[in-house]
2 protein chains.
Amino acid sequence: MSEVGFMASESSPKGTEIDAPICDEQHEPTRDVGSFPLEVEDSQRMAEFFAVLADPTRLRLISLLSSSESCVCDLAENLSVSESAVSHQLRALRNARLVQYRKVGRQVFYRLHDHHIFDLYATVREHLAE
Amino acid sequence: MSEVGFMASESSPKGTEIDAPICDEQHEPTRDVGSFPLEVEDSQRMAEFFAVLADPTRLRLISLLSSSESCVCDLAENLSVSESAVSHQLRALRNARLVQYRKVGRQVFYRLHDHHIFDLYATVREHLAE
DNA sequence: ATAATATATGAACATACGCTCAGGTATTTG
DNA sequence: CAAATACCTGAGCGTATGTTCATATATTAT
């Protein structure tokens with residue numbers, strides 16, 4: 001915490017007034033993004049959301065579900081992962097509302113919850129492909 | 001792994017041919033998203049990217065940097081977090097190329113790396129606000 | 001009912017992560 | 001030069017996470 005000189009209520013240290021935030025290249029008309037700064041509670045919810053996407057197996061599941069609905073055993077086989085592991089991961093995706101499912105006999109077919117999920121996946125995939 | 005009956009090379013179990021993926025609601029002309037299914041190596045890089053965003057402190061840093069460039073001590077003060085913790089987190093953001101910085105004297109001013117980061121942040125923020 | 005299949009779940013273990021603490025580098029000031 | 005400031009970094013600790021293993025539930029077949 002910068003021990004400020006006198007009347008500086010907050011912000012950067014004293015002395016070097018010369019170059020305060022010479023922020024020339026600002027963003028476009030900064031669209032409204034809720035409270036600012038981001039509340040701790042909101043940041044935790046957001047972090048949990050990203051955390052669900054921060055796993056290779058879950059991302060590969062999303063990749064498969066991006067093209068078509070699949071049952072658990074097919075997902076496990078296509079990813080060469082145990083069905084137990086897939087089931088655990090699908091639960092995480094379910095809890096985060098990233099996938100939906102429907103039961104047919106003893107099988108359970110999963111698919112992405114909505115197109116937003118696909119869009120997010122595709123956007124980041126493209127971003128990393130650059 | 002479903003022990004298939006005879007000539008079924010892969011995919012769902014035998015028997016219940018009745019309801020194979022009745023996937024009616026397909027996505028729009030499925031835009032190309034690279035290799036399919038997502039390669040393990042790619043999934044790991046993508047997971048690492050999301051992992052950087054999967055932390056409340058880093059998200060709040062991004063929140064602050066969304067509106068303006070800031071030095072480390074201001075970021076620490078605004079978030080009520082130690083400068084050491086902020087520095088550690090900024091390193092993670094730096095390594096992931098989510099932020100840029102410029103040195104001015106003994107201060108270091110950070111800002112978002114580019115507008116893609118802001119867009120991603122804003123999009124997910126809106127998504128969770130619904 | 002019994003067996004087999006498809007999926008879900010809890011415990012446990014190894015790993016990964018974020019914070020604090022202590023110390024280090026670089027720049028400015030006296 | 002020494003002291004102060006702004007920031008960075010490595011080690012260590014407590015906690016969270018993903019997998020495996022064993023077991024449980026539900027559905028279908030015999």
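Labels below follow one simple rule: chain letters A, B, ... track the order of the sequence lines, proteins then strands, and each chain is numbered from 1. A quick note: this is a predicted structure, and the numbers were derived from the prediction, not measured.
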K.L.:
Can you find a side chain N or O atom of B/R94 that sits less than 4.0 Å from OP1 or OP2 on D/dT9?
P.N.:
yes

K.L.:
Look at atom CZ of B/R97 and say whether more than 12 heavy atoms of other residues, nucleotides or ligands are closer to it than 6.0 Å.
P.N.:
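Not more than 12 within 6.0 Å, no.
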
K.L.:
Which atom pairs link the protein and nucleotides 13-15 of chain C when you take only N or O atoms and keep those under 3.5 Å?
P.N.:
none

K.L.:
Using whole Å, what does the distance between atom P of nucleotide C/dA8 and atom CD of A/Q107 come to?
P.N.:
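The distance from CD of A/Q107 to P of C/dA8 comes to 11 Å, rounded to the nearest Å.
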
K.L.:
Looking at B/S84 and C/dC21, is any side-chain donor or acceptor paired with a base atom of the opposite kind under 3.5 Å?
P.N.:
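Yes, a donor-acceptor pair under 3.5 Å.
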
K.L.:
Roughly how many Å is it from CD in B/E83 to C1' in D/dT9, rounded to a whole number?
P.N.:
14 Å

K.L.:
Any side-chain N or O of A/R106 under 4.0 Å from OP1/OP2 of C/dA8?
P.N.:
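No, outside the criterion.
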
K.L.:
Quick one: list whatever passes side chain to side chain contact (heavy atoms under 4.5 Å, CB included) with A/Q44, sequence neighbours left out.
P.N.:
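Residues passing side chain to side chain contact (heavy atoms under 4.5 Å, CB included) with A/Q44: A/V40, B/P56.
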
K.L.:
List in numerical order all residues of residues 49-62 of chain A for which some heavy atom is under 4.0 Å away from an atom belonging to DNA chain D.
P.N.:
A/D55, A/T57, A/R58

K.L.:
Checking B/H116 now: which residues fulfil side chain to side chain donor-acceptor pair (under 3.5 Å) with it, not counting sequence neighbours?
P.N.:
B/D114

K.L.:
Taking side chain to side chain contact (heavy atoms under 4.5 Å, CB included) as the definition, give me every residue that meets it alongside A/S35, ordered by chain and number, with sequence neighbours left out.
P.N.:
A/E39, A/D42, B/R125

K.L.:
Hey, could you give me the OG/CG distance between B/S70 and B/N78, rounded to the nearest 0.5 Å?
P.N.:
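One finds 6.5 Å between OG of B/S70 and CG of B/N78.
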
K.L.:
Could you pull out all residues at least two apart from B/F50 that satisfy ring-ring contact (aromatic ring centres under 6.0 Å, His included)?
P.N.:
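Here no residue qualifies.
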
K.L.:
Enter the distance from A/S66:OG to A/F118:CZ here, rounded to the nearest 0.5 Å.
P.N.:
5.5 Å

K.L.:
Side chain to side chain contact (heavy atoms under 4.5 Å, CB included) with A/Q100: which residues, sequence neighbours excluded?
P.N.:
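A/Q100: side chain to side chain contact (heavy atoms under 4.5 Å, CB included) contacts with A/R111, A/H113.
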
K.L.:
Could I get the full list of side chain to side chain donor-acceptor pair (under 3.5 Å) partners for B/D55, not counting sequence neighbours?
P.N.:
B/Q89

K.L.:
Is A/S87 near enough to C/dT7 that one of its side-chain N or O atoms lies under 4.0 angstrom from OP1 or OP2?
P.N.:
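Result: no.
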
K.L.:
Under the side chain to side chain donor-acceptor pair (under 3.5 Å) test, which residues partner A/E126, sequence neighbours left out?
P.N.:
B/R31

K.L.:
Within this structure, what is the CG-to-C1' distance between A/N95 and D/dT17, rounded to whole angstrom?
P.N.:
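Answer to the nearest Å: 14 Å.
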
K.L.:
Would you kindly give the NE2-to-C1' distance between A/H88 and D/dT23, to the nearest whole Å?
P.N.:
11 Å

K.L.:
Without decimals, in angstroms, what is the distance between A/D74 CG and C/dT5 P?
P.N.:
16 Å

K.L.:
Please give, in whole Å, the distance from D/dC7 P to B/K103 NZ?
P.N.:
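In whole Å, D/dC7 P lies 11 Å from B/K103 NZ.
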
K.L.:
List the residues meeting ring-ring contact (aromatic ring centres under 6.0 Å, His included) with B/Y101, not counting sequence neighbours, and say none if there are none.
P.N.:
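B/Y101 satisfies ring-ring contact (aromatic ring centres under 6.0 Å, His included) with B/Y110 once adjacent residues are dropped.
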
K.L.:
Could you tell me the separation between the CG atom of B/L79 and the C1' atom of C/dC19, rounded to a whole number of Å?
P.N.:
15 Å

K.L.:
NA contact type, A/Y110, heavy-atom cut-off 4.0 Å: base, sugar-phosphate, or nothing?
P.N.:
sugar-phosphate

K.L.:
Calculate the interatomic distance between A/E77 atom CD and C/dT5 atom C1'; express it in whole Å.
P.N.:
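Taking CD of A/E77 and C1' of C/dT5, I get 15 Å after rounding.
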
K.L.:
State which residues pass side chain to side chain donor-acceptor pair (under 3.5 Å) with A/R60; sequence neighbours excluded, sorted by chain then number.
P.N.:
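Expected list: none.
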
K.L.:
Listed in order of residue number, which residues of residues 36-45 of chain B have a non-hydrogen atom at under 4.0 Å from DNA chain D?
P.N.:
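Going residue by residue through residues 36-45 of chain B, none turns out to have a heavy atom under 4.0 Å of DNA chain D.
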
K.L.:
Among the nucleotides D/dT20, D/dG10, C/dG10, which one has an atom lying closest to any side-chain atom of B/R91?
P.N.:
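For the B/R91 side chain, the nearest candidate turns out to be D/dG10.
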
